[in-house]
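This report refers to the structure that appears directly beneath it.
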Amino acid sequence: MQEVVQQLVNGISLGSIYGLIALGYTMVYGIIRLINFAHGDIYMIGAFVGYFAIRIFHLSFLPALLVAMAVSAVLGMVIERLAYRPLRNSTRIAALITAIGVSFLIQNTALLAWTPDPRSYPDVFPLRTYEIGGVYVDNRQIAILGVAVVLMVVLHYIVNYTQIGRAMRAVSQDADTARLMGIDVDRVISFTFALGSALAAAAGVLVGIYYNRIDPTMGSMPGLKAFVAAVLGGIGVIPGAMLGGLVMGIAEVAVVALTASTWKDAVAFAILIVILLVRPAGLLGRQVREKV
Amino acid sequence: MSKSRVLSIVLAAVMVMTAALGAGANAPFKIGVVGPTTGPVATYGLSVIDAVTMAAEEINAKGGILGREVQLIIEDNKADATETNNAFRKLISRDQVHAIIGAVVTANSIVGGQVAQMMKVPMITATSTAEKVTQAGDYVFRACLIDPVQGVIMANFAYNSLGVREVAVLTARTNDYSVGLEEVFVETFEGLGGKIVAKESYSEGDQDFRAQLTKIRAQNPEAVYVPGYYTEAGLIAKQMRQLGMDQPILGPDGFDSPKLFEIGGDAVYGSYFTNHYHPEAGDEVSQRFLDNYRAKYGKEPDGFAALGYDAALILFNAIERAGDAALARNIAAARAAIRDEMAKTKDLHVVTGVLTLDENRNPVKSAVILKVVEGGYEFVERVEP
């Protein structure tokens, strides 16, 4: 029993990381229908910016987090301006391939600049471990889950209840009509990228602190798994990203606990295939027929 | 075309030709060195390359080998199999090297060894421990102990010196080195009468091991064997402590890196690992190496550096013994002559002990067990072959 609860805690803490990364993924997709494969790499950049903010400028946790989010937001806007905007009217596949290219570009530039040697994250968030009946939980796990839930709520609020959120939804429904209604479509999309990238950076810093190890390729696998989490929850649906992340995390841990650990990564992608076959709109997505 | 332009082209051509002629008369011994100088395990590659560079500079300062200079051609393979293949082919076909020192990590050396064997170029890896590497054929050598030796030594140490009877293993399923060590450790430990209570695995690059560790915790082992690299070992140690597990961690030479401390913090203290070398366990060759390395690089050499230096010594020594045969203009003949002498290496004093190569081109020499303590490694015991 104690083992089951501990594994559940492990699964939720892993899942909240996937959820945290998936939030940005799903929001960008929800607005402009682009799977931004560079998201995992912006997450990595965020972790590194936070690292340098703490190591070189001796910032404490919160300011470092804000700096990382701000820098990544700007980076996200720049990427959108240079790589995606020129392709706004091309096919979706062109934008998708560009996103993969951007991902490689960022990752390899980081490899060149920062070397692939892993770095240890500065200890700015003192670790406290709590033991409750043989089950161990620490404050960092709680912080990650807490931040993920708070960001999910904030994001949901922005998209559904603010002026810019209404503009975002309008653009997502029909960009041309939105433009006719006086919405500055480019600005809205730029804002969407800024927001998504800031979220990725927040995840990067938190994960850096949590595991205490960052390197330029750290974004690849979590990026892919967060993508699966977003699809699982229903891509474009914000609470879906969180739910998808948690389901993924718990599923991975369950596989290790019940069968052999070798199957762990295979399961994430098996879930993706099953979801796409059985319920392509995801757990919380609405089944809509594509108009042709 | 202006007159001065024509003149400069002619001059350039003359210079190239003289350079080429000069090379023919007293050509250096070209030695390729392959290892990761970038990538997740760059510290291994850099240690080996620094040490080989130092060995080459030392021998050149003494007038080279057989009056010829040793020229190193260093290739970064990023610890990647494809890059290794390309680097070996480039060194052999384009640079026409006499021999290759490398690769560094096991999976790369398996690839490199196949290329070297096929093209009949002597290769010596300093640090690749899997048995499979030298099974590629008679052109492939190594300077380090093979996995079975490390696995056997650690199993014996755990059972006899630490007195533990129930051990869990956590293996990197995606890594030949890790899997090789695990097999031998499990076989030896069970053979002694010990029990393996849990066998779990992970993929390289993973950051979260809590699920596997929770499963291991339920079996309550007395120690956990983690045959892997420092990047994951540090995180595993940390997460074990966070889950309330205080068992000692046992490991292989992959633990040997200052990054182990940075990543694992105080969670890694009290771990034991098998290694090839410790400054306290050496003779005069070892002492001289230590002094020179400190003077040149301003830091302590790790086990990888010691092995890199040894690999260079084995190779240089063989070239020297081959004599005129190694000077042959026909590069294939020179390579074959060097290979034949390498195979005869016997009782050579190197940094990590006194080394003889057996019929499978693997060294017979002693190993050490080190304990991870605050600020470094403590020498525990020396194990003779």
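Only heavy atoms go into these numbers, but all of them, side chains included; no hydrogens, no water, no symmetry mates. Just so it is clear: chains get the letters A, B, ... in the order the sequence lines come, proteins before strands, and each one is counted from 1. Since we're looking at a predicted model, the values are computed, not measured.
- Residue S203(B) touches chain A through its side chain alone, counting heavy-atom pairs closer than 4.5 Å.
- Heavy atoms of other residues, nucleotides or ligands lying less than 6.0 angstrom from OH of Y130(A) number more than 12.
- Separating the CG atom in N212(A) from the NZ atom in K238(B) is a distance of 3.5 Å, to the nearest 0.5 Å.
- When each of G244(B), G265(B), A79(B) is scored by its heavy-atom pairs under 4.5 Å with chain A, the top score falls to G244(B).
- Proximity to chain B is absent for every atom of V255(A), based on heavy atoms less than 4.5 angstrom apart.
- The distance from the OG atom of S120(A) to the CG atom of L260(B) is 11.5 Å, given to the nearest 0.5 Å.
- Residues Y121(A) and E262(B) fail the side-chain proximity criterion, which asks for heavy atoms closer than 4.5 Å.
- In this structure, CZ in R213(A) is found 5.5 Å from OG1 in T231(B), a value given to the nearest 0.5 Å.
- When heavy atoms are compared at a cutoff of 4.5 Å, K215(B) approaches chain A by way of both its backbone and its side chain.
- With a 4.5 Å cut-off on side-chain heavy atoms, D206(B) and Y211(A) do not count as touching.
- Interface check for chain A: of the options E200(B), K199(B), Q239(B), the most heavy-atom pairs under 4.5 Å are formed by E200(B).
- Put simply, the side chain of L243(B) reaches to within 4.5 Å of the side chain of N10(A), judged on heavy atoms.
- Both the backbone and the side chain of I263(B) come within contact range of chain A, with heavy atoms under 4.5 Å apart.
- Residue-environment remark: NZ (K132(B)) stays at or below the threshold of 12 foreign heavy atoms within 6.0 Å.
- Contact detail for P118(A) and K259(B): the closest heavy-atom pair is O-NZ, 2.9 Å.
- In this structure, the separation between CZ on R140(A) and CD on Q242(B) is 7.0 Å, given to the nearest 0.5 Å.
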D208(B) vs Y210(A), side-chain contact (heavy atoms from CB on, under 4.5 Å): CA-CA, chis, key distance, verdict: CA-CA 10 Å; D208(B) 202 301; Y210(A) 181 51; 4.2 Å; yes
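- In this structure, W263(A) CH2 and R173(B) CZ are separated by 12.5 Å, a value rounded to the nearest 0.5 Å.
- For chain B, no part of D215(A) is nearby; none of its heavy atoms comes within less than 4.5 Å.
- Annotation: the span from Q207(B) atom CD to M218(A) atom CE amounts to 6.0 Å, rounded to 0.5 Å.
- R210(B) and Q7(A) make their closest contact through O-OE1, 4.2 Å (heavy atoms, listed as atom of the first residue, atom of the second, distance).
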